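Values in this document were obtained by computation on a predicted structure and should not be read as measured data. Numbers here are sequence positions counted from 1.
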Amino acid sequence: MHVAMGLFRRTRWKIVVPGLAVVALVTAPVLSQQPAALAKATPGATIKPNAVGNLDCNGFSPIQRNIKTTWACADPQGYDGGRFYDNGHYIGHDEPDLRFISQRRGSGNDVVWNETLGVDPTAAPTVNTPGSDVTHFFELSIAPWISMSLCDSNSYPQEACTPESDANAAKGSFPGGGGAFLELQFYPPGFAPFSDNISCDNTHWCAAMVIWSLECTNGFETCNPNCEEPGNFAWIQMNGVPTGPPSPQLSDINTVTPNQQTLFMNGGDSISTHIRDVDVGGGAKALKISITDETTGQRGYMVSSAANGFMNTSITDCSGTPYNFAAEYDTASYPNTTPWAALQTNISTEYEIGHFTPCTRVTDKTNTGGDPYWNECKGPYEQFDSSEDPGEDAPCYPLGDTHGGTTDPNLVAGCTSTFGGGDLDFDGSSYWAEWPDSTTPDTWPSTFQHSAPTTGGVGYKSMQFEADVAASESSCTPTGGAGCRVPPPGGPGKFYPWWTQTSIGGTCSFEFGEMNNGNSYGNERQYGISSAWYFGTLESAVLPNPCV
């Protein structure tokens with residue numbers, strides 16, 4: 001097999017790809033059952049990518065077919081503060097985020113969260129009246145997540161990174177240490193299989209350690225289009241063993257398919273999450289995520305180690321090297337962020353929104369040789385789409401689809417809009433007033449509840465609200481102003497969800513949706529205005545954390 005490898009230079013708003021050198025690609029063995037064997041047998045070796053994997057979570061790598069079509073990728077900045085394009089495709093942004101800030105030692109690498117998972121209505125989703133339909137959690141957010149900045153010397157800006165050191169922060173002419181971004185993603189039930197869609201099944205929540213890197217040099221001047229945003233992925237497992245190779249180079253269908261050791265959780269369960277570095281031998285550290293379901297007593301964990309098959313990626317040829325991903329910073333101080341991310345964040349909680357539109361039916365079927373998908377959504381949510389490009393909704397799946405008899409039937413017809421860069425006309429469920437408004441389910445799910453995070457038993461002193469949706473708004477320009485705002489101008493639902501701080505059972509907690517049982521900080525006005533740091537980012541002032 002021969003493929004094109006090479007680098008390209010970004011210009012504002014478009015991509016120029018010069019002629020690429022042709023090199024031989026050696027297909028590495030697939031180690032789906034024992035992903036650790038490769039790293040142990042060949043420490044420090046470089047591994048050429050397989051024809052299928054996760055070299056580019058956006059799905060646009062010219063040299064590799066993506067193992068999954070509906071990734072919830074981290075949103076990168078664009079060149080010179082512009083919008084981010086991947087192989088000529090705009091990558092949509094919408095990650096409303098609540099960031100926590102602390103100068104306490106260890107606050108950047110050792111954090112505990114306590115959550116209560118949302119509960120769906122007993123009634124099935126409806127597609128009748130936008131803003132009043134019965135809605136399930138997967139229609140609102142395909143992946144609530146918790147984050148941390150990690151070291152990756154092979155990621156933007158391609159600088160050395162020393163784990164757990166605030167010296168990695170950008171300062172003066174130093175662009176910052178090479179950074180990756182951890183998302184502990186939680187997946188709601190109802191729209192399986194995960195390999196194609198959002199969920200593990202129709203009943204359970206599940207979670208995964210996902211680590212995104214960016215193969216670009218400082219200032220986004222040079223990127224490798226073959227592996228622009230590579231990702232490592234592994235389920236949180238009761239035995240800590242990945243279901244398949246986690247790395248961008250070798251991941252396969254087993255990687256994204258849960259097994260009997262995958263930690264499944266129920267709506268309403270109270271869970272405790274601990275994220276910290278652990279020793280993995282030879283003086284090295286790697287990040288460990290541990291989840292305890294306090295309701296069922298089950299536990300799961302994952303370690304982002306070379307021994308578990310995790311790899312970072314070469315910007316030169318997309319090869320992988322077994323790698324121990326560890327926390328980038330000592331503290332969660334304000335300057336300590338992932339330098340390439342659209343959000344200015346490190347320790348935070350977020351909801352990946354703008355990735356579901358419910359339909360009464362789907363049309364324009366595409367047979368891929370595997371699981372077919374549909375390209376167009378029909379129904380009341382789409383009546384506003386006079387300017388929508390054909391196929392922007394895709395991939396779509398019909399009501400009751402069992403994907404060849406492999407999964408529970410999908411609870412509603414719908415589209416995830418991953419082929420078109422997200423719900424760029426803002427007509428899907430995320431942008432209608434169908435979000436949780438209660439701690440118990442009604443027409444809509446109950447809210448996902450977070451206690452404020454702690455480090456060493458101590459809370460984070462400050463917090464900040466952020467959203468990057470303005471980067472996807474046609475009205476938003478680098479000069480900012482009224483065109484960069486929420487709700488998105490032109491969105492038919494005229495709604496954007498917000499954070500609320502309240503007390504539940506005597507515990508200071510944060511909720512997300514349209515909750516008004518506490519301090520909602522002005523509802524959608526909490527996100528403030530477009531910042532000078534990046535024109536597509538809306539952010540509040542740094543605020544005191546009321547839970548401290």
Is the Trp432 to Phe426 ring centre distance short of 6.0 Å?
-> no
Does the ring centre of Phe84 sit less than 6.0 Å away from the ring centre of Tyr90?
-> no
Inspect the contact between Glu164 and Lys285 and indicate whether a charged nitrogen and a carboxylate oxygen are less than 4.0 angstrom apart.
-> yes
Any chance the SG atoms on Cys73 and Cys57 come in under 2.5 Å?
-> yes
Can the ring centroids of Tyr301 and His274 be said to lie less than 6.0 angstrom from one another?
-> no
For this output row, return yes or no: ring centroids of Phe448 and Trp205 closer than 6.0 angstrom.
-> yes
Would you say the ring centroid of Tyr156 lies under 6.0 angstrom from that of Phe181?
-> no
Verify side chain to side chain donor-acceptor pair (under 3.5 Å) between Thr440 and Ser438, making sure each step is shown before the conclusion.
-> CA-CA 5 Å; Thr440 57; Ser438 171; 3.2 Å; yes
Report yes if the SG atoms of Cys484 and Cys476 are separated by under 2.5 Å, and no otherwise.
-> yes
Test of ring centre spacing under 6.0 Å for Tyr527 and Tyr496 | yes
Presence of salt bridge, Lys68 and Asp196, under 4.0 angstrom = no
Ring centroid separation for Tyr373 and Tyr397, is it under 6.0 angstrom?
-> no
Side chain of Thr537, backbone of Leu343: donor and acceptor closer than 3.5 Å?
-> no
State, without any angle test, whether Glu294 and Asn114 hold a side-chain donor-acceptor pair at a distance under 3.5 Å.
-> no
Within the 6.0 Å centroid threshold, strictly below: Tyr187 and Phe194 | yes
Could you check whether the rings of Phe495 and Trp498 sit parallel, tilted or perpendicular, using 30° and 60° as the cut-offs?
-> tilted
Will you find, in the side chains of Asn58 and Glu229, an N or O donor that is under 3.5 Å from an N or O acceptor?
-> yes
Quick check, are the ring centers of Phe137 and Phe186 under 6.0 angstrom apart?
-> no
Once you find the SG atom in Cys415 and the one in Cys359, is the distance between them below 2.5 Å?
-> no
Determine whether the side chains of Asn54 and Trp71 contain a donor N or O and an acceptor N or O closer than 3.5 Å.
-> yes
Point-to-point distance, once rounded to the nearest 0.5 Å, from CG of Asp269 to CD1 of Ile291 = 11.5 Å
Report the relative orientation of the aromatic rings in Phe510 and Phe100; use parallel for angles under 30°, tilted for 30 to 60°, perpendicular for over 60°.
-> perpendicular
When rounded to the nearest 0.5 angstrom, what distance separates CD1 in Ile101 from CG in Asn336?
-> 10.0 Å
For the residue pair Asn346 and Ser147, what are the closest heavy atoms and their distance?
-> O-OG, 2.6 Å
If you round to the nearest 0.5 Å, how far is OG of Ser348 from CD of Glu183?
-> 8.5 Å
For Asp133 and Tyr381, does a side-chain donor sit closer than 3.5 Å to a side-chain acceptor?
-> yes
